[in-house]
Amino acid sequence: MATLFEKIWDNHLVREETAGQSTLLYIDRHYIHEVTSPQAFSGLRETGRKVRRPDLTVAVMDHNVPTSDRTLPIKDEIARRQIEQLAKNCQEFDVPLLDLHHPDQGIVHIIGPELGLTQPGMTIVCGDSHTSTHGAFGSLAFGIGTSEVEHVLATQTLWQARPKTMEVRFVGSRPFGTTAKDMILALIRQIGIAGATGHVIEYTGAAVTALSMEERMTLCNMSIEAGARAGMVSPDHVTIDYLQSRPYVPQGAQFESARKQWLELATDPGSVFDRVVEVDIRQLAPMVTWGTNPEMSAPITESVPDPALETDPDRADTMRRALAYMGLTPGIPLNQIPVQRVFVGSCTNGRLDDLRRAASIIKGQRVAAGVRAMVVPGSGRVKRSAEEEGLDSVFKDAGFEWREPGCSMCLGMNEDILEPGERAASTSNRNFEGRQGRGGRTHLVSPEMAAAAAITGHLVDVRALGLEVRS
Amino acid sequence: MNPFTTHTGMVAPLRRSNVDTDQIIPKQFLKRIERTGFGQFLFYDWRFNENGLPNSDFVLNQPPYNHATILIAGPNFGCGSSREHAPWALMDFGFRVIIAPSFADIFYNNCFQNGLLPLTLEDPDINRLFDLTTRSREWALTVNLEEQTVKSADGQFESHFDIHPERREKLLRGLDPIGETLLFTSAIGAYEKYHAVPLVPSSL
């Protein structure tokens, strides 16, 4: 009997843990982007080292790239230098690269799965905390810093202390009008942003197996926002169906043999986790954050909480600071908070299914006066598929901007940022102070909720719009 | 990496919980391709007003805290983004030790890669440190990694801290971690012989 995590861990030991030394873990897939890799390549160059396995490494430009017309030169000189440096590094070290003009360019955590480069049972790392996204496929995927990027480039391994395991069991089925985003926000609210520190989460329960792969990616994506090292879901027929048609997944007899191995990775019944957390979602409502970290959220049916009612003085102080930054007064109903910006995109909610669900709310509607709304598809493939379905017209007709793929306003490294004091409904993953632009105020929501906010001009319960929401 | 054995320095109190790496080094400063020069941007939105002038309310703008080399903070320090620019910025500003009740995993790990010591103490110790550093600004601590102790020169504070022996050893010796791992090259090669991984085509 073993958990998914244990099976993957035990299959990747180059050297087992000894008394004085942690485990040397083999890494199957290394994703790279322009922001956290330049210093790692410089390190290799300075020490005369090579990339050990360029054939297990993939680079893409995503964090820093403009989402406007790509035929124009990049205006930001320093950003352009960083992007060009990635191209130079990949050429010098033979690393496959999806550059700015590649048709499949996109956010690293979106392109890996959609190209089939992410597969069950793999160990996957990237210099990005949302690497946990890939755990949706039953892989062990986690974010690392630049020194470790260099370490993996040079050795294809990492020294790792064995993390603890945590089962997050969703109880009940997901109510109408709620999404995977609401499930993960509810978990983070329950256990806190450090609630899973030191742990690898496996999500279980009928509500999880009922999720599509795209929704499972949303769930695993935000594991880091609960402090987890990684998040994962055991592979099943949903995983297999998704992988079957992907470009870089083995085909024919090889696929049949891989399928059998992948399904065997699933956690065995009766396996023991170090910790078990139950999240009751029978009464789940669409969630919205009101503060400056992802645990500061509430159902849209509630009001801005009152720090005066918080008994812990440190927590009360943190709440007061957050409300001051957000410009919110305790007691105001959340569904009365006006927004000036709406962002649909990011590695959390920038996939085709996310765009379809947002479009289903938008169709035939208009963006409210005074609201600037944008869709940033997660990848070139997402963008093309959406355009084939006519989703771009739905968004554009409603008054949304339809942009080129990248991380965009999720972290605001390019020019897609909030102005000081501007308030956004955003499908991204972090509502930290200044994350989307200095002084900008972020409310994290699902794509449906972001779409509804765009139409009404304020945060609103999408279920109350009287529109059809795909369950 | 430079070894870390002991460090004596002035202490600055940052009494906030969940200080995330977006606060430590905001994203607009992540475009540099060097490891150096990030200290000027440390805690940028807190240190500087929108007009670019220093915010005198922020602790690191209040002498002598601006010369501190040890930072005391609340729990879950370094949460959020994996950016190693966060420890780079802290070190470039002059910090050598961060003391908090707890740290986020990736940040904690990144510190050790750079010879910055993230040190955990229990809440009562942290609260005493906040009090002592607020009361007396020119207050110094000595952190001894070999003995695993934190002491003040005036004898007002003394505590023992826990740290994983392997992490301690690596900091004390200040070794090049990749060089160490390359000693296991034959083990890595042997593992690769029987471990098949789907390859990435050289041209995607």
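- Proximity to chain A involves both the backbone and the side chain of Pro201(B), based on heavy atoms less than 4.5 angstrom apart.
- The side-chain heavy atoms of Tyr191(B) and His12(A), taken from C-beta on, include a pair separated by under 4.5 Å.
- In this structure, the portions of Thr155(A) lying under 4.5 Å from any heavy atom of chain B include both its backbone and its side chain.
- Under a cut-off of 6.0 angstrom, the local environment of CD in Glu34(B) is crowded, with over 12 non-hydrogen atoms contributed by other residues, nucleotides or ligands.
- Using a 4.5 Å cut-off between heavy atoms, Glu180(B) does not touch chain A at all.
- Of all the listed residues (Trp88(B), Tyr44(B), Phe29(B)), the one sharing the greatest number of non-hydrogen pairs under 4.5 Å with chain A is Trp88(B).
- Separating the OG1 atom in Thr181(B) from the CZ atom in Arg15(A) is a distance of 10.5 Å, to the nearest 0.5 Å.
- Remark: Ile163(B) CD1 is packed, more than 12 non-hydrogen atoms of other residues, nucleotides or ligands lying under 6.0 Å away.
- Only the side chain of Arg430(A) comes within contact range of chain B, with heavy atoms under 4.5 Å apart.
- Here Thr292(A) contributes atom OG1 and Asp20(B) contributes atom CG; the two are 8.0 Å apart, rounded to the nearest 0.5 Å.
- In this structure, chain B has heavy atoms under 4.5 Å from both the backbone and the side chain of Asp28(A).
- The shortest distance between side-chain heavy atoms of Ser102(B) and Thr197(A) does not fall below 4.5 Å.
- The greatest number of non-hydrogen atom pairs below 4.5 Å with chain B, out of Glu225(A), Arg229(A), Arg321(A), Met122(A), is found for Arg321(A).
- You'll find the side chain of Arg29(A) reaches within 4.5 Å of the side chain of Pro198(B), heavy atoms only.
- Side chains of Leu182(B) and Arg49(A) form a contact here, defined as non-hydrogen atoms less than 4.5 Å apart.
- Minimum heavy-atom separation, His151(A) to Pro177(B): NE2-O, 4.0 Å.
- In this structure the side chain of Ser147(A) never reaches within 4.5 angstrom of the side chain of Asn110(B), judged on heavy atoms.
- Between Arg35(B) and Glu150(A) there is a salt bridge, since at least one side-chain N of the basic residue sits less than 4.0 Å from a carboxylate O of the acidic one.
- Of the atoms belonging to Thr131(A), not a single heavy atom falls under 4.5 Å from chain B.
- Under the 4.0 Å criterion applied to side-chain N and carboxylate O atoms, Asp22(B) and Arg438(A) are not assigned as salt-bridge partners.
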- So Trp159(A) and Phe184(B), ring-ring contact (aromatic ring centres under 6.0 Å, His included) or not? Walk me through it. CA-CA 12 Å; Trp159(A) 295 100; Phe184(B) 296 96; 5.4 Å; yes
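- Here the side chain of Gln21(A) pairs no donor or acceptor atom with the backbone of Glu166(B) at under 3.5 angstrom.
- Of the listed residues Thr21(B), Ile178(B), Asn76(B), Val197(B), the one with more heavy-atom pairs under 4.5 angstrom with chain A than any other is Ile178(B).
- In terms of heavy-atom pairs under 4.5 Å with chain B, the best-connected choice from Glu295(A), Arg315(A), His130(A), His102(A) is His102(A).
- Judged by distance alone, with hydrogens and angles left aside, the side-chain atoms of Gln39(A) form no donor-acceptor pair with the main-chain N or O of His85(B) at under 3.5 Å.
- Annotation: maximal heavy-atom pairing with chain B below 4.5 Å, among Thr318(A), Asn293(A), Leu411(A), occurs at Leu411(A).
- For the options Gly439(A), Ala228(A), Gly412(A), Pro250(A), heavy-atom pairs under 4.5 Å to chain B are most numerous at Gly412(A).
- Chain A forms the most heavy-atom pairs under 4.5 Å with one residue out of Arg15(B), Glu50(B), His164(B), and that residue is Glu50(B).
- Glu77(A) does not touch chain B: none of its heavy atoms, backbone or side chain, sits under 4.5 Å away.
- Only the side chain of Pro420(A) comes within less than 4.5 Å of a heavy atom in chain B; its backbone stays farther off.
- Listed here is the closest heavy atom pair of Thr185(B) and Arg52(A): CG2-NH1, 3.8 Å.
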- Under the side-chain contact (heavy atoms from CB on, under 4.5 Å) rule, what do Arg53(A) and Leu199(B) come out as? Steps first, then yes or no, please. CA-CA 9 Å; Arg53(A) 296 296 303 269; Leu199(B) 304 181; 3.6 Å; yes
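- Closest approach of Ile106(B) and Gly145(A) over heavy atoms only: CG2-N, 4.4 Å.
- Both the backbone and the side chain of Arg435(A) come within contact range of chain B, each with at least one heavy atom under 4.5 Å from a heavy atom of that chain.
- A 4.5 Å side-chain heavy-atom check between His63(A) and Lys27(B) finds every atom pair outside the cut-off.
- Closest approach of Asp105(B) and Gly198(A) over heavy atoms only: OD2-N, 2.8 Å.
- Contacts between Gln23(B) and chain A at a heavy-atom distance below 4.5 Å involve the side chain alone, from C-beta outward.
- Atom CG of Asn2(B) is surrounded by 12 or fewer heavy atoms from other residues, nucleotides or ligands within 6.0 Å.
- Heavy atoms of Ser81(B) lying under 4.5 Å from chain A belong to its backbone as well as its side chain.
- Counting non-hydrogen atoms of other residues, nucleotides and ligands closer than 6.0 Å to CD of Glu122(B) gives a total of 12 or fewer.
- Remark: side-chain polar atoms of Gln82(A) are paired, donor with acceptor, to backbone N or O of Leu30(B) under 3.5 angstrom.
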- Task: Quick one: do Glu84(B) and Thr36(A) satisfy side chain to side chain donor-acceptor pair (under 3.5 Å)? Show the steps, please.
- Result: CA-CA 8 Å; Glu84(B) 199 164 312; Thr36(A) 58; over 6 Å; no
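- Residue contact with chain B, scored on non-hydrogen atoms closer than 4.5 Å, involves the side chain of Leu117(A) exclusively.
- Interface check for chain B: of the options Leu13(A), Asp314(A), Leu97(A), the most heavy-atom pairs under 4.5 Å are formed by Leu13(A).
- Counting only heavy atoms from C-beta outward, the side chains of Val200(B) and Asp55(A) never approach each other to under 4.5 Å.
- With a 4.5 angstrom heavy-atom cutoff, Gln85(A) touches chain B only via side-chain atoms.
- Interface remark: Asn109(B) contributes side-chain atoms only to the contact with chain A (heavy atom separation under 4.5 Å).
- In terms of heavy-atom proximity, Ser129(A) sits nearest to Ser82(B) at N-OG, 3.4 Å.
- The nearest pair of heavy atoms linking Phe432(A) to Gly80(B) is CE1-CA, 3.9 Å.
- Ion pairing between a basic and an acidic side chain is recognised when a charged N comes within 4.0 Å of a carboxylate O; Lys31(B) and Glu34(A) show no such pairing.
- Side-chain contact annotation: Asn11(A) with His195(B), donor-acceptor N/O pair under 3.5 Å absent.
- Annotation: maximal heavy-atom pairing with chain B below 4.5 Å, among Ile144(A), Leu115(A), Asp94(A), occurs at Ile144(A).
- Under the 4.5 Å side-chain criterion, counting only non-hydrogen atoms from C-beta, Ile193(A) is in contact with Asn18(B).
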